[in-house]
Chemist: 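My structure is below; once you've seen it, I'll send some questions.
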Amino acid sequence: MPGSATSGLSFQTPLIFEQGSPGRSGASLSADDLPEVDPKRAFGDMARQSPPQLPEVSEPEVVRHYVRLSQQNFAIDIGMYPLGSCTMKYNPKVNEWAARLTGFANLHPYMPDELVQGALELMWRLEQGLAEVCGMDRVSLHPAAGAQGELTGLMMIRAYHRAQGRDPKKVLIPDTAHGTNPASCALNGLQAVSFPVGEEGIVTTEALAPFVDDDVAAVMATNPNTVGLFESEMAAISELVHSKGGLVYGDGANLNALMGKARPGDLGIDVMQFNLHKTFTTPHGGGGPGCGPVGYKALLDPFAPVPVVEQRDGRFVLDYDSRPASVGRLRSFQGNFGMMVRAYAYLREMGAEGLKQATELAVLNANYLRVRLGEVWHVPYERICMHEVVISDRHLKDSHVTTMDVAKRLMDYGFHPPTVYFPLVVKGAMLIEPTETESLQTLDEFVDVMKTISDEANAEPDRAKSAPQVTRLRRLDETQAARKPVLRWTAPETPPEP
Ligand SMILES: *Cc1c(COP(=O)(O)O)cnc(C)c1O
């Protein structure tokens with residue numbers, strides 16, 4: 001089986017909670033000399049009644065547990081991870097080195113500005129770099145994810161309207177949008193109004209115009225959109241919305257197709273988020289820290305989150321006071337600083353030319369897959385795409401093999417599945433984003449495997465229907481997992497004898 005990620009390893013080892021034995025420990029600390037505290041007096045009713053039943057394990061047991069978990073998982077460091085809209089690209093290890101430098105990694109967030117000039121300067125320089133890439137005036141580095149960046153941007157838009165004595169409520173969102181867009185509106189007390197994209201898969205001014213009125217706070221646009229197409233009418237759309245007093249929010253998660261080529265700020269976008277954990281190669285997924293900075297035009301500056309890094313008399317300061325109309329603080333301290341170091345290192349390694357080349361390769365790779373996969377698979381939008389391409393399971397209709405089966409079968413062949421059943425506007429969609437970091441050889445392997453799966457689907461549909469077969473766990477009941485997740489280990493009724 002080509003590139004099978006997990007075959008040959010045995011994983012039948014118990015969970016860490018079932019290992020070890022009472023009294024076993026991986027730490028050897030000298031006895032403390034602190035006075036005994038009566039938990040009842042210190043914590044009252046909150047004092048624990050019985051020991052917490054944590055695993056008591058040795059250092060090798062802990063190490064093996066985590067290494068084993070890492071081997072049971074798929075990762076970009078193992079193989080291609082073409083999860084559309086997520087930009088799972090390879091993260092150069094030099095960025096990890098930079099983030100681990102003692103002078104960055106060991107900073108304390110309460111250190112005074114004078115002692116963290118280097119960190120503040122890095123934040124300042126990152127802000128300048130991101131603003132330049134996107135044509136924005138300033139960038140707030142606070143938000144911890146793309147979705148929180150959306151929330152922040154919409155809060156700034158609302159504050160802007162209110163400062164002018166207006167309170168428009170609607171945000172227009174095309175029906176191809178990422179699910180976080182309407183969610184961010186709802187969180188902000190704004191009403192998400194969905195409108196259809198045109199036949200061509202992009203927003204047209206004709207489709208949008210009937211929805212634009214005085215109650216529109218903003219239009220939220222993703223460019224390239226989630227079917228991987230460039231919104232070529234963006235400048236006209238911005239003009240239309242601006243003419244009615246609304247603002248334009250740009251979902252900048254998909255910057256991998258724009259860097260060095262087109263700047264959202266030049267297309268009329270007033271505020272946008274970046275996903276540093278997508279485009280700027282910091283590790284992504286697994287619920288780890290992200291960073292979703294918000295770039296904005298000067299008209300939104302009074303409402304920016306505080307503190308803002310400012311340069312004064314050649315020094316860097318955290319400014320809390322100059323923006324009384326600020327939307328406030330969105331994140332504890334300064335946000336996920338380690339992500340900022342990684343992104344800054346990446347920007348400096350790549351330079352302007354490198355970013356442009358990354359964009360060109362990302363788009364080339366996606367179009368290569370569009371054409372090669374299109375030899376067998378259904379490609380709903382037969383035109384030049386940007387960094388990702390949508391295909392569908394339409395040609396497998398008679399075999400009853402579906403997109404979900406294909407996704408599961410890909411795991412047997414050592415590939416992470418693409419995004420499935422999204423965008424919603426394409427039935428049985430698979431959204432494939434190869435990114436610039438995959439080689440031609442890997443892309444060809446992926447195409448071969450996709451063709452094999454298609455052949456198999458017709459000849460032996462059960463193969464796909466019963467996939468995955470070589471992963472540690474077989475096909476899971478996704479409904480049960482979503483509806484009744486088991487998120488906690490519970491101790492057996494009788495704890496083991498000491
Ligand atoms: C990933 C993504 C988001 C959300 O970003 P998170 O960091 O996961 O919150 C929003 N919009 C689009 C288009 C995305 O691809």
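Basis for what follows: all heavy atoms, side chains included, without hydrogens, waters or symmetry-related copies. Order of appearance sets the numbers: ligands from 1, and atoms from 1 within every ligand.
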Chemist: Side-chain atoms of residues 186-204: list all donor-acceptor pairs with protein atoms under 3.5 Å, sequence neighbours left out, distances to 0.1 Å.
Modeler:
unit_1 : atom_1 : unit_2 : atom_2 : d
Asn188 : ND2    : Leu151 : O      : 3.3
Thr204 : OG1    : Ala207 : N      : 3.1

Chemist: Considering only residues two or more places apart or on different chains, which pairs with a residue in residues 213-224 satisfy side chain to side chain donor-acceptor pair (under 3.5 Å)?
Modeler: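 Non-adjacent pairs meeting side chain to side chain donor-acceptor pair (under 3.5 Å): Lys170-Asp213.
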
Chemist: Going by side chain to side chain donor-acceptor pair (under 3.5 Å), Lys89 matches just one of Asn256, Thr435, Thr281. Which one?
Modeler: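 Passing option: Asn256.
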
Chemist: Out of Phe74, Tyr90, Phe415, which residue meets the ring pair (Phe, Tyr, Trp, His ring centres under 6.0 Å) rule with Tyr81?
Modeler: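 Among Phe74, Tyr90, Phe415, the one that satisfies the ring pair (Phe, Tyr, Trp, His ring centres under 6.0 Å) with Tyr81 is Phe74.
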
Chemist: Which protein N or O atoms sit under 3.5 Å from any N or O of ligand 1? Give each pair with its distance.
Modeler:
unit_1   : atom_1 : unit_2 : atom_2 : d
ligand 1 : 5 (O)  : Asn275 : ND2    : 3.0
ligand 1 : 7 (O)  : Gly146 : N      : 2.7
ligand 1 : 7 (O)  : Asn275 : ND2    : 3.2
ligand 1 : 7 (O)  : His277 : NE2    : 2.6
ligand 1 : 9 (O)  : Gly146 : N      : 3.4
ligand 1 : 9 (O)  : Ala147 : N      : 2.8
ligand 1 : 11 (N) : Asp251 : OD1    : 3.2
ligand 1 : 11 (N) : Asp251 : OD2    : 2.5
ligand 1 : 15 (O) : Ser85  : O      : 2.7
ligand 1 : 15 (O) : Ser85  : OG     : 2.7
ligand 1 : 15 (O) : Lys278 : NZ     : 2.8

Chemist: Please table the atom pairs, donor to acceptor, closer than 3.5 Å between any side-chain atom in residues 478-485 and protein atoms at least two apart or in another chain.
Modeler:
unit_1 : atom_1 : unit_2 : atom_2 : d
Glu478 : OE2    : Lys408 : NZ     : 2.6

Chemist: So, taking the atom named CD in Glu310 and the one named CG in Leu120, what distance separates them when rounded to the nearest 0.5 Å?
Modeler: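 Glu310 atom CD to Leu120 atom CG measures 11.5 Å (nearest 0.5 Å).
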
